[in-house]
Amino acid sequence: MKQKTKSIVTALLLGVLCAVTLSAVITVPDWETARADLLIGMQYETTGLDLDAVPGWLAALVMLHQNFPLDGWAWGPAAAGLAVLLCWVRGQREAKPKRTELVLSIVFGIAEVLGLSICKLGSWAFVFKNPYQLCVGVFCMAGYAVLFYHAVWGLYALLGRSRTGGEDFPQTRFAAWFAKAPGRASSLLIGAAWVAVFWPGSVDWDSWGQISQVLGVQEMTAHHTVLSTWLHGWLFRLGRALGSDNLGVFLYIVLQFLVCAWVFGQVTAFAARLGCSRGVQYAVTAFFALDPIWGAFIQTQVKDTLYTGLFVLFVLKTADLLLFPQEWQGSRPRMTAYAVLGVLCCLLRKNGIYAVVPMLLASAFTVSEKRLRRPVLAVLLAVCIGSFGFDTFTEKVLDIPAGSVGEALSVPMQQTARYIRDYGNEVTDDERTAIEKVLDYDAIAQSYMPELSDGVKQYYKNPGKGDLARYMLVWAKMLLKHPVCYFEATHANSHGYYTITKCRAINDYYTFNNDICMEMSEMNVHYLDKSGYLRYAFVQALSAFEKLPLVGLTTSIGFMAWLTAVLGLWLARCKAKPVLPVFIGLGIFWLTCIASPVNDCMRYFLPVAGCLPLVFCLAAVFSREKSEITV
């Protein structure tokens, strides 16, 4: 009885800690506001306190209300609800996380609070402004760490209870239809859920540039990969030849619609093949059909959507190869199709090769059938030859110039711009001269945007190797002078990929094809719904979905990134060695997102998000056997 009481009290205290943390206002309290509050007593009478003699602890106590304004009634029931949930989670002793998860929880707490600070305040002032803020920051870090630790604990408990078979739902006509062909049924449901109120489709800024290159309005370059640019432009030209620019956009939208609907259905089919329960299969279908990120991107002409479908298929085939190697043994058509798919994943997105090649290399040494190692290495060789051969052909034979080196320098350029903005008075003449050879010194500080490097990148001068080397030396010297400035610059440009914050809306693609750039290029692209009422209502519904409790987290990049990492830890606990190559590819994609020019950009993260249901299915399957899969 005493132990039970102790558990309840512990859960209640932790519930209060988590509820207070979630209610925290990310701000640096104003001392003058606190002084004014000290003057007001009961019944609005002045207290008569000598403000100059007020001890610091009393002022800090009053300032707490600015960070934790617990005036409403909702935080109390929230704390009680969390206490009940935590009490249940702590009762699942067999699923208790280990030290690795504890360390990860602490890392999450630190990253989350610093991320919220940089997102809301533009700096780490919420934690490091003064001793008071440090105490508040550490308190919030502890709250988020406790919340994350118990969320992992609960997830492990649910995964440990996963079962095979399809008896978890009634045997209705729908269930029988779905069970007969899960892949086809899932594809049809997903396609039907992507409501076509945006036809012929929205055109992303980058896609407009790709179309313009093929039409001859802009110079043809390999900035967006040539194959992707050709695909955008050729389909647009086909539509124009048939009498409608709208048709050109529509043809590309239909292409990515069909590819993605079919591939996502194949994820469901693979879940069924692994023996996942019908509930898991329904959940996979619902994720792709109802989560607004997929509906938003399917209607948007942008290279990342089609690429996501192909990359998810490549990851699925890699998992299939590793888990069912006997079916791949001696099958040249499968290996050939696998190689072609790998080449496409490298040619349709520049950073694709950095994920595909390591996955293939790891697969060659991980696959259980040793006779498959040579065929997989042959696929790896074919992918490298196909990718580099195509790039060489377009650059040397077709004379299509490669993209600017500056695209890979977003991180140091953002750091330099922030340094000049904050410490420009400390820059020496020699340092300024070195920077001026690479960037427009006077312009980058004014154009600096913490979450987007485009304002700085536009002033990149494509310098020679010598000038670039001298700039990097100056960059390194500045790092030693003010390292915090550099860290804050990188954090501000990447926090959305590893913290649960929101700084960019996923539905901003709604406005893209109304941009004046379409008119300047004489492209007659317009929505069929000319009034915009239906589209506006639909966008509001999608925005409301993002704000739903728990479910809305599935639109957060940070949440999906951490969930993928936790599922990876679970698979490691289950000794799921065969799926290691999958996480190598996803991890590399995540790292390229951090180094990307845009913070919290869902289209960059889309390939990882598309693989999340597959990763979850693998975790559910391996939880049945702690050592190896039995299928």
Side-chain angles (χ1 to χ4, degrees), residues 26-28 110-130 133-134 137 404-463 467-499 501-504 557-558 590-601 604-605:
I26 309 300
T27 185
V28 175
I110 296 172
E112 183 65 21
V113 174
L114 290 178
L116 289 170
S117 180
I118 201 82
C119 181
K120 303 295 184 181
L121 305 178
S123 68
W124 294 339
F126 181 73
V127 179
F128 299 117
K129 184 70 173 180
N130 51 50
Q133 287 299 144
L134 183 61
S404 172
V405 177
E407 293 298 319
L409 299 177
S410 291
V411 173
M413 287 193 294
Q414 285 287 88
Q415 292 169 338
T416 298
R418 191 181 184 98
Y419 186 100
I420 295 173
R421 186 197 70 176
D422 296 345
Y423 303 102
N425 59 322
E426 298 182 19
V427 178
T428 65
D429 292 337
D430 290 340
E431 290 172 342
R432 175 171 181 146
T433 300
I435 295 172
E436 190 68 43
K437 293 287 186 180
V438 178
L439 297 163
D440 188 331
Y441 182 92
D442 294 324
I444 58 175
Q446 296 179 354
S447 300
Y448 170 67
M449 295 179 286
E451 297 171 350
L452 179 64
S453 68
D454 287 0
V456 176
K457 282 194 311 179
Q458 65 179 319
Y459 296 107
Y460 184 70
K461 298 179 179 180
N462 292 309
D467 290 333
L468 188 58
R470 282 188 287 273
Y471 162 72
M472 294 307 298
L473 286 175
V474 169
W475 170 84
K477 290 178 181 178
M478 290 179 169
L479 168 62
L480 296 177
K481 292 180 181 178
H482 294 286
V484 173
C485 177
Y486 272 38
F487 293 147
E488 284 187 334
T490 303
H491 195 199
N493 207 152
S494 64
H495 64 79
Y497 297 111
Y498 44 87
T499 52
T501 56
K502 179 64 70 173
C503 59
R504 296 181 68 82
I557 293 176
W590 176 71
L591 290 174
T592 59
C593 286
I594 293 176
S596 70
V598 188
N599 183 25
D600 194 31
C601 184
Y604 289 169
F605 188 78

Fill in: Asp429 with Arg432: basic N within carboxylate O range, under 4.0 Å
no

Worksheet item: Can you tell me how far the CD1 atom of Ile435 sits from the CD1 atom of Ile420, to the nearest 0.5 Å?
Response: 4.5 Å

Discussion item. Quick check: do Leu134 and Val127 have side-chain heavy atoms less than 4.5 Å from each other?
Written reply: yes

Item to complete: Kindly indicate, with the supporting measurements, whether the criterion side-chain contact (heavy atoms from CB on, under 4.5 Å) is fulfilled by Tyr497 and Asp600.
Response: CA-CA 6 Å; Tyr497 297 111; Asp600 194 31; 5.6 Å; no

Worksheet item: Under a 4.5 Å cut-off applied to non-hydrogen side-chain atoms, are Leu409 and Leu468 in contact?
Response: yes

Fill in: Exceeds 12 heavy-atom contacts within 6.0 angstrom, atom CD of Gln446
no

Discussion item. Does the plane of the ring in Tyr498 sit parallel, tilted or perpendicular to the ring in Trp590? Use 30° and 60° as the thresholds.
Written reply: perpendicular

Discussion item. Taking the basic N atoms (NZ, or NE/NH1/NH2) and the acidic carboxylate oxygens, is any pair closer than 4.0 Å for Glu431 and Lys477?
Written reply: no

Worksheet item: Gly496 and Thr501: which non-hydrogen atoms are nearest, and at how many Å?
Response: CA-OG1, 3.9 Å

Item to complete: Just jot down the side chain to side chain donor-acceptor pair (under 3.5 Å) partners of Asp430, sequence neighbours excluded, or say none.
Response: none

Worksheet entry | Ring center gap for Tyr486 and Trp475 short of 6.0 angstrom | yes

Practice prompt. Measure the spacing between CG of Asn599 and OH of Tyr604 and express it to the nearest 0.5 Å.
Written response: 11.0 Å

Worksheet item: Going from CE on Met413 to CD on Gln458, what distance comes out if it is rounded to the nearest 0.5 angstrom?
Response: 10.5 Å

Worksheet item: Where do Gln414 and Thr490 land on the side chain to side chain donor-acceptor pair (under 3.5 Å) test, with the steps shown first?
Response: CA-CA 7 Å; Gln414 285 287 88; Thr490 303; over 6 Å; no

Discussion item. Per the side-chain hydrogen bond (donor to acceptor under 3.5 Å, both in side chains) rule, what does the pair list look like for residues 115-125, sequence neighbours excluded?
Written reply: Trp124-His491

Fill in: Nearest heavy atoms of His495 and Cys119, plus distance in Å
CE1-CB, 3.5 Å

Worksheet entry | Atom pair CG (Leu452) and CG (Asn493), whose distance is rounded to the nearest 0.5 Å | 7.5 Å

Worksheet item: Taking everything shown except Tyr460 itself, do over 12 heavy atoms lie less than 6.0 Å from its OH?
Response: yes

